[in-house]
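What follows is a structure written as structure tokens; I'll ask about it next.
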Number of protein chains: 2
Amino acid sequence: MREQGIAIGALARRSGCRIETIRYYERIGLLPAPARQGRFRRYAGADAARLAFIRRARELGFTLDQVRALLRLAGADAAGGAGGPTVCADARELAAEHLAGVRARIAALRRMETVLAQTLRRCAAGESPDCPLIASLAGRPPP
Amino acid sequence: MREQGIAIGALARRSGCRIETIRYYERIGLLPAPARQGRFRRYAGADAARLAFIRRARELGFTLDQVRALLRLAGADAAGGAGGPTVCADARELAAEHLAGVRARIAALRRMETVLAQTLRRCAAGESPDCPLIASLAGRPPP
DNA sequence: CCTACGATCTGAAGTGACTACAGACGCAAG
DNA sequence: CTTGCGTCTGTAGTCACTTCAGATCGTAGG
């Protein structure tokens with residue numbers, strides 16, 4: 001058995017994470033330190049699965065601390081036993097909180113979008129002597 | 001003339017920025033170093049107006065670099081002259097780019113929201129043996 | 001044989017926009 | 001006298017990476 005697992009570059013390609021990100025996750029303890037062949041990291045299937053989990057969670061906008069918690073829950077889940085419903089309830093709570101945050105951010109961005117789009121329309125109309133965007137930022141309200 | 005201008009705390013209250021933020025803006029050159037009375041900063045009306053401009057721009061989501069550019073444009077605008085239309089066109093371009101970015105971020109957040117809400121519904125239903133959220137993060141797709 | 005290349009390694013520093021903290025100063029009221 | 005307030009300076013911490021400098025290794029080409 002010469003080559004067990006894959007190199008970090010291969011893992012990066014497979015996972016869509018960058019090499020530096022993978023090493024960063026290792027440094028902060030999100031990924032375990034993998035096996036080494038000489039000085040090179042070699043990743044097994046479990047490592048790749050864990051990284052894929054992290055990546056999906058990140059794509060949903062979870063913070064790394066939340067990902068850490070979700071990984072712990074996933075581990076408790078996989079360990080089996082009667083914890084199942086508790087695990088799901090905990091995960092649900094975490095996700096619900098995160099969803100609320102996402103919705104708040106959407107709302108904030110939409111308010112920005114509305115004002116920006118409105119101001120830009122008045123800019124494009126070009127009826128004012130001074131720039132409506134600059135004017136409204138300067139606190140000279142539109143008539 | 002004993003007391004010219006207002007103290008940093010008063011400016012913070014008036015502007016809605018925190019004291020530390022005001023000093024931070026000064027450090028990075030977004031606000032000019034104000035006059036001093038002894039060791040205390042004293043802000044004049046122009047400073048307050050500039051800070052208000054910054055704050056409104058930040059509320060619309062512009063980055064500090066964009067705010068810097070907008071301030072320069074506002075200055076050029078106030079200087080008067082034939083630059084007016086050019087200034088407005090530049091500001092419009094800046095804002096249009098920013099608006100596109102805001103819309104992209106809204107779209108990304110909405111994708112997250114959709115997936116999160118969907119998964120949470122399946123979680124709440126509680127029909128699966130394992131947690132649907134954990135399962136989907138682990139790459140075990142829903143049936 | 002020498003060299004260039006690609007992949008990897010380590011450790012440190014930079015990003016954006018603040019926020020927090022430590023420790024000192026000066027002035028007024030109690 | 002001491003307490004408290006408001007301010008000062010300077011430094012470091014946050015989040016999730018990204019970038020950089022400089023070293024090391026095996027292999028392929030000339």
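Values below: every heavy atom of this structure, side chains too, minus hydrogens, waters and symmetry copies.
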- Item | Closest non-hydrogen atom pair, Leu70(B) against Ala91(B) |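 Scanning both residues, the minimum pair turns out to be CD2-CB, 4.4 Å.
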- Item | Terminal axes of the helix from dC1(C)-dG30(D) to dG30(C)-dC1(D) (five pairs each): angle between them, nearest 10 degrees |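 Answer rounded to 10°: the end axes differ by 30°.
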- Using the test salt bridge (Lys or Arg N to Asp or Glu O under 4.0 Å), find all partners of Glu93(A) that sit at least two apart in sequence or belong to another chain.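 Partners of Glu93(A) under the salt bridge (Lys or Arg N to Asp or Glu O under 4.0 Å) test: none.
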- Message: I need the CD1-C1' distance between Ile19(B) and dC8(D), as an integer number of Å.
- Response: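 Distance, rounded to whole Å: 11 Å.
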- Sorted by first residue and then second, give each salt bridge (Lys or Arg N to Asp or Glu O under 4.0 Å) pair with at least one member in residues 56-66 of chain B; sequence neighbours left out.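 Output for this query lists Arg55(B)-Glu59(B), Asp65(B)-Arg68(B).
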- Note on the structure: Contact string for nucleotides 12-27 of chain D, one letter per nucleotide 5' to 3', B = base within protein heavy-atom range under 4.0 Å, S = sugar-phosphate only, - = neither, reads ----BBSB----BS--
- Residue list, side-chain hydrogen bond (donor to acceptor under 3.5 Å, both in side chains) with Glu97(B), at least two apart or on another chain: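 Applying side-chain hydrogen bond (donor to acceptor under 3.5 Å, both in side chains) to Glu97(B) gives none.
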Acceptor/donor pairs from residues 8-24 of chain B side chains to any protein atom, 3.5 angstrom cut, sequence neighbours excluded:
unit_1	atom_1	unit_2	atom_2	d
Ser15(B)	OG	Leu11(B)	O	2.8
Ser15(B)	OG	Ala12(B)	O	3.4
Ser15(B)	OG	Cys17(B)	N	3.1

- For Arg39(A), side-chain contact (heavy atoms from CB on, under 4.5 Å) partners two or more places apart: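 Applying side-chain contact (heavy atoms from CB on, under 4.5 Å) to Arg39(A) gives none.
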Can you list, pair by pair, the side-chain donor-acceptor contacts under 3.5 Å of residues 104-111 of chain A, counting residues two or more places apart and other chains?
none

- Item | Residue pairs passing the ring-ring contact (aromatic ring centres under 6.0 Å, His included) test where at least one lies in residues 42-76 of chain B, sequence neighbours excluded |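 Of all non-adjacent pairs touching residues 42-76 of chain B, those that pass ring-ring contact (aromatic ring centres under 6.0 Å, His included) are Phe62(B)-His98(B).
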- Query: Partners of Asp90(A) by side-chain contact (heavy atoms from CB on, under 4.5 Å), sequence neighbours excluded?
  - Reply: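 By the side-chain contact (heavy atoms from CB on, under 4.5 Å) rule, Asp90(A) matches Leu73(A), Thr86(A).
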- Query: NA contact type, Ile28(A), heavy-atom cut-off 4.0 Å: base, sugar-phosphate, or nothing?
  - Reply: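 No contact.
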- Task: For DNA chain C, note the earliest and the latest nucleotide, 5' to 3', having some atom under 4.0 Å of a heavy atom belonging to chain A.
- Result: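 With heavy atoms of chain A under 4.0 Å away, the range is dT8(C) to dT10(C).
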- Decide yes or no on side chain to side chain contact (heavy atoms under 4.5 Å, CB included) for Val102(A) and Leu60(A), but give the supporting numbers first. CA-CA 10 Å; Val102(A) 167; Leu60(A) 290 179; over 6 Å; no
- Query: Charged N to carboxylate O below 4.0 Å: is that the case for Arg41(A) and Asp47(A)?
  - Reply: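 Here Arg41(A) does not pair with Asp47(A) in a salt bridge, since their nearest N and O are not under 4.0 Å apart.
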- Task: First locate atom CZ of Arg42(B), then atom CD of Gln37(B), and finally report the distance between them rounded to the nearest 0.5 Å.
- Result: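 Output value for this atom pair is 5.0 Å.
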- Leu94(A) side, atom CG; Leu99(A) side, atom CG - distance, nearest 0.5 Å: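 Answer for the CG-CG pair, Leu94(A) versus Leu99(A), is 12.0 Å.
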- Query: Residues from residues 47-55 of chain B sitting under 4.0 Å of DNA chain D, heavy atoms only?
  - Reply: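 The answer is none.
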